[in-house]
Number of protein chains: 2
Amino acid sequence: MNKPATIYDIAKHVNASPATVSRVLSNSNYPVRPALAEKIRKAAKELNYTPNSIGRQLKTNKTSTIGVIIPSITNPFYAAVVSGIEETASEQGYQVLLCNSQNDPELELQHLRNLQENQVKGVILSSIIDKNDALQQYLSRGYKVVTIDQNHPDINTCRINFDYIKGGAIIAAHLLEQGHRDIAFLSAPLDRPSRQLIYQGYAEALHIHEVEMDQSRVLISSPTDAGKPISEFQQGKQLTRQLLQSKPWPTAILASNDMLAFGVMNELINHGIRVPEEMSVVGFDNLEFAEIVAPALTTIEQPKQEMGAIACRMLIDLLNNADNQPGEIMLQPQLVERKSVHSLI
Amino acid sequence: MNKPATIYDIAKHVNASPATVSRVLSNSNYPVRPALAEKIRKAAKELNYTPNSIGRQLKTNKTSTIGVIIPSITNPFYAAVVSGIEETASEQGYQVLLCNSQNDPELELQHLRNLQENQVKGVILSSIIDKNDALQQYLSRGYKVVTIDQNHPDINTCRINFDYIKGGAIIAAHLLEQGHRDIAFLSAPLDRPSRQLIYQGYAEALHIHEVEMDQSRVLISSPTDAGKPISEFQQGKQLTRQLLQSKPWPTAILASNDMLAFGVMNELINHGIRVPEEMSVVGFDNLEFAEIVAPALTTIEQPKQEMGAIACRMLIDLLNNADNQPGEIMLQPQLVERKSVHSLI
DNA sequence: ATGAAAGCGCTAACAT
DNA sequence: ATGTTAGCGCTTTCAT
């Protein structure tokens, strides 16, 4: 457990200068006599040399680590996104610092500060903060940010967007095309852009199909009653209970994400209501479990891993080309038909 | 986007030495005249100073980041563990570098090397490598390792253990106590210690209840047929199909984890076999989804978040007290009874 | 209580 | 093609 070797040790060992050693060991394309280079590499191996990237970073002011801030890795949606990020990061020689904001704006800010202190130059962010003063500060300091999932229109970052409106419209239209006319919309609070947009898509689809919107059919769960937040699954159950209290029931339920939809289906089954025969249910996200539940859930595919991969590539690009413009990418939704919708026609 | 301020800038600004500035800004308990200290802090704020932890690290040879290597964050089990890790790390001022080994030993090693280059001094590891020469090397170099989930008996690290044997025995005993005598055991390949131990527990429980073990009732999926591995869910389906090929069928199925169990249930339902009335199914892990599937899955709770939290605390402890002994903790299984078991008595 | 200066490991001008 | 050297931002002896 003696001190690890440095380039100086190697230099001494082969009678060369540290500069030369650095040149061969850092794969610079600076010319070095092949024989010497070989000797250096051999010595490095012998001395069990491991480069100290901290030294390099201090000198070059470059890092190979990117930050990722998401609400919670426990949410399968983000797990998939992060998986996509990590995979491409790893391929490109980058590492991923994972931060969970736990839906706490304070914590998100603290993570941001922390990343900054650790000289992380780029972060992929699913922010839960609306006012972006703090965020803007980071940007103005030259930090690169790619936002995913939640995109605040007034902030100038790179964005990986998803067409939530179209997604909401597609899934609602699917229900309408199966003959459903009375479609409830259940969602967690509409404080996140994604949910608002899905709602908007739902409304548009109704409009196009000339079905009148009935506000009593849109049920939004109340923001976390004191204490810790309720899981979306539980919110789905709760909203369903609420929905079932007064007849007539709708013939279909559109949940703003799969987790919520699972809660809906679970509660319906508990009430002895058969899905989809008596009630159709659709979700949004296409989590792995949408395929696993019975009946398998019809939903909107959101390319989660790909989203992460794209965001990561974009960020690395940004990091390499300082003059890059903030870009924007819009990913497209896709209907995944399974077994949770009953045709009325 | 001008260069960020350093302690030298601050020193100049307040007419003090960088040493003094460092002393107050790094919260050293070195005495500094309160008035000066205040002035320094004020200047730091004014100049928008952010400490550069790279500089500090190079000097002190200490990091505040820990590495985490797991097979895949996409697996809800590891997502929960990582969530526990990240939360306590964050509380203690540490950051988490997340690495997915994708079940690839090469990649795992590469991550290890990478972490080392980045001067990460401690890692929490769910290793998929059996021969541990490489791992031993890292340990001998003073790296701190806490292993979770997969514990190789021959390697001297800190371990967070889980009593898989007892867990397997408990869940099998539960089935036996409900009158089941013909219980199939389905699992992914027994190449991971956890699976072997669960199998061992299953065997022990049968033995205690004087039920003869029938080897034709233990079905192990063949290791990934060429190309990418099949998900455990798919393996569960496949094994179930295989099991159903010849009658008589068992009355219950013990799957070595929940994911597999979901596959089992899914396939049973596809075959029109009612769970639990015609076939009881139990799992292992108690994933969030065990509660969500219908019928809710009876399984063994493994304290995933807690496991992560404990591992993280242990590692930080190890990092702070160089002379700490490698410890070992054994977490206890617990039966979670839900709706997927039918009583035969 | 404060400051001067060395040095952590590395790279990149700038010599030669 | 190789070497010398300064310096990235910080902490920490050692003086004073």
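In the text below, chain A, chain B and the rest are named by the order of the sequence lines, each starting its count at 1. Since this is a predicted model, take the numbers as computed values, not measurements.
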Taking C-beta and beyond as the side chain, do B:Cys99 and A:Val96 meet within less than 4.5 Å on heavy atoms?
no
How close or far is atom P of C:dA5 from atom OH of B:Tyr8, stated in whole angstroms?
11 Å
Using a cut-off of strictly less than 4.0 Å, decide whether B:Ser17 has a side-chain nitrogen or oxygen near OP1 or OP2 of C:dG3.
yes
Using distance alone, with no hydrogens and no angle criterion, decide if A:Glu117 and B:Thr50 have a side-chain donor and acceptor under 3.5 Å apart.
no
Looking only at side-chain N and O atoms, does A:Arg56 come under 4.0 Å of OP1 or OP2 in C:dG9?
no
Reckon A:Thr20 has a side-chain N or O less than 4.0 Å from the OP1 or OP2 of D:dT2?
no
Do you know the tightest heavy-atom contact between B:Asp9 and B:Pro4?
OD2-O, 4.1 Å
Any side-chain N or O of A:Tyr49 under 4.0 Å from OP1/OP2 of C:dC10?
yes
B:Gln57 atom CD is separated from C:dG7 atom C1', nearest whole Å, by 16 Å
When we call it a touch if two heavy atoms are under 4.0 Å apart, what does B:Ser22 touch: a base, just sugar-phosphate, or nothing?
base
No-hydrogen, no-angle side-chain donor-acceptor test under 3.5 Å, A:Ser127 and A:Glu108:
yes
Look at all strands and tell whether B:Ile54 reaches a base, only sugar-phosphate, or nothing, counting heavy atoms closer than 4.0 Å.
nothing
Please classify the nucleic acid contact of B:Ser26 as base, sugar-phosphate, or nothing, using heavy-atom distances under 4.0 Å.
sugar-phosphate
Please determine, by modelled atom types, if A:Asn161 and A:Glu328 share a side-chain donor-acceptor pair under 3.5 angstrom.
yes
Rounded interatomic separation in angstrom, taking NZ from A:Lys59 and P from D:dT5
15 Å
Which residues, if any, of residues 9-16 of chain B bring a heavy atom under 4.0 Å of DNA chain C?
B:Asn15, B:Ala16
Can you find a side chain N or O atom of A:Arg33 that sits less than 4.0 Å from OP1 or OP2 on D:dT2?
yes
Salt bridge (charged side-chain N to carboxylate O under 4.0 Å, His left out) with A:Arg41: which residues, sequence neighbours excluded?
A:Glu38
D:dT11 base to B:Tyr30 side chain: any donor-acceptor pair below 3.5 Å?
no
Polar side chain donor-acceptor pair, A:Ser53 to B:Asn118, under 3.5 angstrom
yes
Identify whether any heavy atom of A:Asn61 sits under 4.0 Å from a base atom; if not, whether one sits that close to sugar-phosphate; answer base, sugar-phosphate or nothing.
nothing
